[in-house]
Amino acid sequence: VTAATAYGYVEAGGLVGYNRASSGTANITNSYATGNVLAESSETGEWICAGGLVGETSAFSDGTADITNSYATGSVTATVDADDEAWAGGLVGYSSSYSSGSTADITNSYATGNVSATGDYGAYAGGLVAYNRAYLGTADITNSYATGSSVSATSDDAAYAGGLVGYNYAFSDTATAAITNSYATGSATATADDYSCAGGLVGGIYASSDGTADITNSYATGNVSATGSDEAYAGGLVGYSSSYSSGSTANIIDSYATGSVTTTAEGGTWAGGLLGYNRVSSGTANITDSYATGSVTAATAYGYVEAGGLV
């Protein structure tokens, strides 16, 4: 599948470009795609989205847009040369639940293709999902995995790369974007002129307004690298994690990482065998019964250098 434009949105999927449940159901079950997917634009003011199975799946107003028992095996590439974002996911480019009671869950599903996202304004790449967001409802990932050999994100601004999910976001007190019983085996590489975040499982996590973005009983085995002209964050499991509001959670429980971790930046670098940077403004971001075994290397021309075998 190839989708290209000079102006406007691009959403490309091996099976479905845009899957939306305004209300009712728009579920995808027992389905698959095997072809490569390419979404690109040379000049646009909009984002580019590509997924091995679905470009975007979104649920509104108590609707369900769940993906169950499904897979994709092709490579996925999203490229935009102008000032906007590129999202590329081995299974789904962008997954979101917008309303309380809505669901965009992914269960018992997988992707095996390599993934690459390049965007001037931002790039998000995930072996399974590039950008997973629960705004009010649920966007949980359960019993799922990605085994593509490489996931990469490159941007002049910010880049997020995760072996399973590029960026995982739970926004409010009714929102959950939990990852449970899931894993990734491929390498994750993020390169940016501003800041980069790379994680063997998840590039970046953000939980706010009592949202839940916990990782439980999950693991990553791939090597991780983040390079930024300003800042770089890398972790064997998660690159950057933030629990921002009272009641929000970004906990890591019964999980592990075995890959090597490397960060390089002209400004500051943060590298951890399990988690690169753990920030709690409020709420919780606890690490429980988890471990890392990979080597950790951090280097910078000036500024902070912080590295740990775990965090």
Side-chain angles (χ1 to χ4, degrees), residues 95-98 100 104-105 122 124 126 129-142 158 160-182 184 188 190 195-220 224 226 231-257 261 263 268-292 304 306-311:
S95 179
S96 182
S97 59
Y98 284 94
S100 179
D105 298 333
Y124 300 82
V129 182
Y131 198 119
N132 190 56
R133 184 174 81 161
Y135 191 78
L136 288 170
T138 67
D140 295 333
I141 297 173
T142 307
Y160 291 86
L164 192 78
V165 177
Y167 192 78
N168 198 46
Y169 183 18
F171 182 75
S172 72
D173 59 357
T174 61
T176 67
I179 297 173
T180 306
N181 298 334
S182 298
Y195 63 90
S196 59
C197 300
L201 194 77
V202 182
I205 294 175
Y206 186 79
S208 68
S209 304
D210 298 340
T212 299
D214 295 344
I215 295 174
T216 305
N217 196 32
S218 299
Y219 68 89
V224 179
E231 298 177 350
Y233 305 85
L237 194 76
V238 178
Y240 182 100
S241 180
S242 176
S243 178
Y244 193 76
S245 304
S246 176
S248 63
T249 68
N251 300 316
I252 298 174
I253 305 161
D254 294 325
S255 298
Y256 68 89
V261 178
T263 59
T269 65
W270 290 261
L274 190 79
L275 174 57
Y277 188 96
N278 195 32
R279 176 182 178 182
V280 182
S281 298
S282 189
T284 63
N286 298 324
I287 299 172
T288 306
D289 295 329
S290 299
Y291 67 91
Y304 295 104
E306 301 189 16
L310 192 72
V311 181

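Worth knowing before you read on, the calculation uses all heavy atoms, side chains too, and leaves out hydrogens, waters and symmetry mates. Please read these numbers as outputs of a predicted model, since none were measured by experiment.
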Set of side-chain hydrogen bond (donor to acceptor under 3.5 Å, both in side chains) partners for T180, sequence neighbours left out:
none
Restricting to side-chain hydrogen bond (donor to acceptor under 3.5 Å, both in side chains), what partner residues turn up for S218, sequence neighbours left out?
none
Heavy atoms only: give me the nearest A226-A232 pair and the separation to one decimal.
O-CB, 3.6 Å
Out of I287, D289, N286, T216, which one pairs with I253 under the side chain to side chain contact (heavy atoms under 4.5 Å, CB included) rule?
T216
Contacts of Y240 meeting ring-ring contact (aromatic ring centres under 6.0 Å, His included) (sequence neighbours excluded), chain-then-number -> Y233, Y277
Which residues pass the side-chain hydrogen bond (donor to acceptor under 3.5 Å, both in side chains) test with T249, sequence neighbours left out?
D214
Tell me the closest heavy-atom pair linking L136 and S100, and the distance in Å.
CB-N, 3.3 Å
If we only count heavy atoms from C-beta on, is the I179 to N132 side-chain gap below 4.5 Å?
no
Treating N168 as the side-chain partner and A213 as the backbone partner, does any N or O pair qualify as donor plus acceptor under 3.5 Å?
no
Test side-chain contact (heavy atoms from CB on, under 4.5 Å) applied to A130 - qualifying residues, sequence neighbours left out:
W87, Y124
Y131 and its ring pair (Phe, Tyr, Trp, His ring centres under 6.0 Å) partner, picked from Y206, Y160, Y167:
Y167
Which atom pair, heavy atoms only, marks the closest approach of L274 to A292?
N-CB, 3.6 Å
Give me the atom names and distance for the closest heavy-atom approach of A271 to V261.
CB-CG1, 4.1 Å
Just say parallel, tilted or perpendicular for the rings of Y219 and Y256, cut-offs at 30° and 60°.
parallel
What closest approach, in Å, do C197 and A190 show between heavy atoms, and which atom pair accounts for it?
O-CB, 3.5 Å
With sequence neighbours excluded, what pairs up with Y98 under the ring-ring contact (aromatic ring centres under 6.0 Å, His included) test?
F60
Listed partners of A104 passing side-chain contact (heavy atoms from CB on, under 4.5 Å), at least two apart
S95, S97
Who passes side-chain contact (heavy atoms from CB on, under 4.5 Å) against A220, sequence neighbours left out?
L201, L237
What is the minimum heavy-atom distance between A134 and A139, and which atoms define it?
CB-N, 3.8 Å
I'd like to check the side-chain hydrogen bond (donor to acceptor under 3.5 Å, both in side chains) partners of T284; sequence neighbours left out, ordered by chain and number.
N251
Under a 4.5 Å cut-off applied to non-hydrogen side-chain atoms, are S208 and Y169 in contact?
yes
Evaluate the criterion side chain to side chain contact (heavy atoms under 4.5 Å, CB included) for residue pair I205 and I215; output intermediate values, then yes/no.
CA-CA 10 Å; I205 294 175; I215 295 174; 3.6 Å; yes
Could I get the full list of side-chain contact (heavy atoms from CB on, under 4.5 Å) partners for N181, not counting sequence neighbours?
N143, N217
